[in-house]
Amino acid sequence: MRARKAAPYLLLLPHILLTALFVAGLAAGIGQSLGLMPALGLTEPTLDYYREAFTRPDMVRAVLYSLRTAAVSALIATAAGVGICAVLVISRRTHDRLVGLVRLPIAVPHVVVALLTVLLCSQNGLLARLACLFGLIDEQSQFPALLYDGWGVGVILAYVWKETPFIVYFVLSLMANIDGSLGQTAVNLGAGPWRAFCRVTLPLCRDTVLSGFLIIFVFALGAYELPFLLGATAPKALPVLAYIEYVHPDMHHRPYAMALNGVVILISVLSALAYYALMRRKAAALRERGGTR
Amino acid sequence: MELSISDLRVCLQDREILHGVDLDVADGELLALLGQSGCGKSTLIKSIAGLLDVRSGEIRADGRSLLGVPPERRGTVIVFQDLRLFPHMTVFDNIAFSMALKKRPRVETAQVVERLLEDVQMPGYGRRRIRELSGGQMQRVALARALAAEPRLLLLDEPFSGLNEGLRDEMGRLVKKLHREKGLTTVLITHDRQEALRLADRVALMQDGRILQCGTPEEIFWRPVSREAAAYFGRINCLPGRAAGGTFSCALGAWPCALEDGPWTAAIRPFDMRAVPGGSGYTVTGIDFLGETAELTLTGPAGAITCSVTAGALADMGLAVGGQTGLEADPGRAVYFKEEART
């Protein structure tokens, strides 16, 4: 009897441990960003590191660069993912093997994605060679510099390749479900498949699509691998700045790195709040939809 | 619209659901498609509406084949069992959906929606959200939305199944009224035999992906073509016997008939059987009191026979379980099914 009562808590234990680990890490990071590192003799809390981070000359450019690459890649990936879902749903191919193929990039590590992007999109890459081969350009150096540029085109392309399948994975089953019932109803009332999709299925998937967008946006904002491997020397993305400070041989740079991470956390928390508000709205909408049956 | 279906076969996930359905619906007719859950009723109307692929056979509307016509151009509108109102739209937008697709002027749309809301007895409900409606109101909105699409054929897929008895009756009357007023051709799916008999001009009885029988309510009730068709409309007593020289003989007696000589089974409804108090030969082995009526189970030479009596008649008879009674049948109401001759 006692074992049965304890079962739910035991089942939750791994999740609780992981959450505790995350919260402890976050607290330690925030503590360090406030100058609390007793091992280095820093025991007085201070906002100096934040002040220093915010007054850094390249800070605004770094924030804008991070926001731009994250937002543009998330927007393009979301649009592409929704487009792929629409084609799959309307052509009733949501259970095809093709869907498995579309989802394949989710399993590919970001470092490998960076390598693939270099192999494909650099001026020595496959696309440049093909363009040269087919006479579209005279020399490979004429191929547009997509990597290591100030606009982060390479970073955006790599994120789009990686995140589009995530959106497909995240949205497809719900979209197929809605299209199979309410979308079908719209068709029955006289709408063509695309009009039914745009007027009924897509609006009802809106919150899920927005949730997917926010997840990949926040991820791209906080991840450093792709901007580090494919980004320009300047401006640098916020997580790259934090990483550079973090690995600095002088440990006194650690609070400064954590303050930069704090800025990323702040933007992420704002996004998470938006996500939470969306989820609450979605739950209410689901309850409402349940009431129509 | 006149609908004609011939030898229709439809598969779902490689399993054949409809096995050669033949069915005709006359212009302006209300046909009830009656059958147990899972017999293929919904599959049939979704096939008519073009929402399912047809393996073989033909569906014709006014003589023209509907196969190959996209569902949005067929003019066959379904009111689904789960209603499927669009939750992100108001009542007005739901009803006006098909008119917005046709780009009808806003003023005309508003007039039509208001008129339809009056037709379904919900005037002034246009601005309500779907979540603010009761189950019965949702049914009405779904019906109004279907009517707004100006269907050539209205297909109702058990739209009253979620309602209580009072609302079911009310909605049934409303559907029949609107069907007559608007001169629609309507197919109503139901598994409620009373509803089918009460509302329909004709009833098509369906079982295991086939139409067992189609006819007027009176025909299908009094002249079932098989035991399965007969059994669908309630209990029936089957009396095996033999016809010879214009007389049918069974354990209950013999009476004149117009059957060819050979083995037959006479099927007689419980209310065409009569217990004879003071008689003998049958023992009362069960009494099911149903309120206005009661069903007696009488066991004797003909086996266990069900006999229906009014509650008042039962009280007058003074019968109790274990008592003895006689039993008579009204042979004029018997339906006969030919049996295979034993060799």
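Letters go in sequence order (proteins before strands), and every chain restarts at 1.
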What is the minimum heavy-atom distance between A:Asn188 and B:Thr76, and which atoms define it?
ND2-O, 2.8 Å
Does any backbone or side-chain atom of B:Arg145 lie under 4.5 Å from a heavy atom of chain A? Answer side chain, backbone, both or neither.
both
Quick check on A:Arg199 against chain B: is it the side chain, the backbone, both or neither that has a heavy atom closer than 4.5 Å?
both
What are the two closest heavy atoms between B:Pro71 and A:Val187, and how far apart are they?
CG-CG1, 3.6 Å
Atom group of A:Ala186 that falls short of 4.5 Å from chain B, counting heavy atoms
both
Heavy-atom cut-off 4.5 Å, strictly under: side chain, backbone, both or neither for B:Ala100 against chain A?
both
Here the gap from A:Thr185 atom OG1 to B:Asp82 atom CG, rounded to the nearest 0.5 Å, amounts to 7.0 Å
Interatomic spacing from NZ in B:Lys46 to CD in A:Gln184 - rounded to 0.5 Å:
5.0 Å
Atom pair CE/CG of B:Met89 and A:Leu204 - distance to nearest 0.5 Å
7.5 Å
Between B:Ala146 and A:Leu189, what is the shortest heavy-atom contact and its length?
CA-CD2, 4.4 Å
CZ (B:Arg180) with more than 12 external heavy atoms under 6.0 Å:
no
Would you indicate whether the side-chain heavy atoms of A:Val200 and B:Arg84 approach each other to under 4.5 Å?
no
Are more than 12 heavy atoms from other residues, nucleotides or ligands located less than 6.0 Å from atom CD of B:Glu181?
yes
Please look at B:Pro70 and chain A and tell me whether the side chain, the backbone, both or neither of the residue comes under 4.5 angstrom of a heavy atom of that chain.
neither
Would you give the length of the straight line joining atom CG of A:Leu182 to atom CZ of B:Phe80, rounded to the nearest 0.5 angstrom?
9.5 Å
So which heavy atom on B:Glu72 is nearest to which on A:Pro193, and how close?
OE2-CD, 3.8 Å
Should we count NZ of B:Lys102 as having more than 12 external heavy atoms under 6.0 Å?
yes
Neighbour count above 12 (heavy atom, 6.0 Å) for A:Tyr169 OH
no
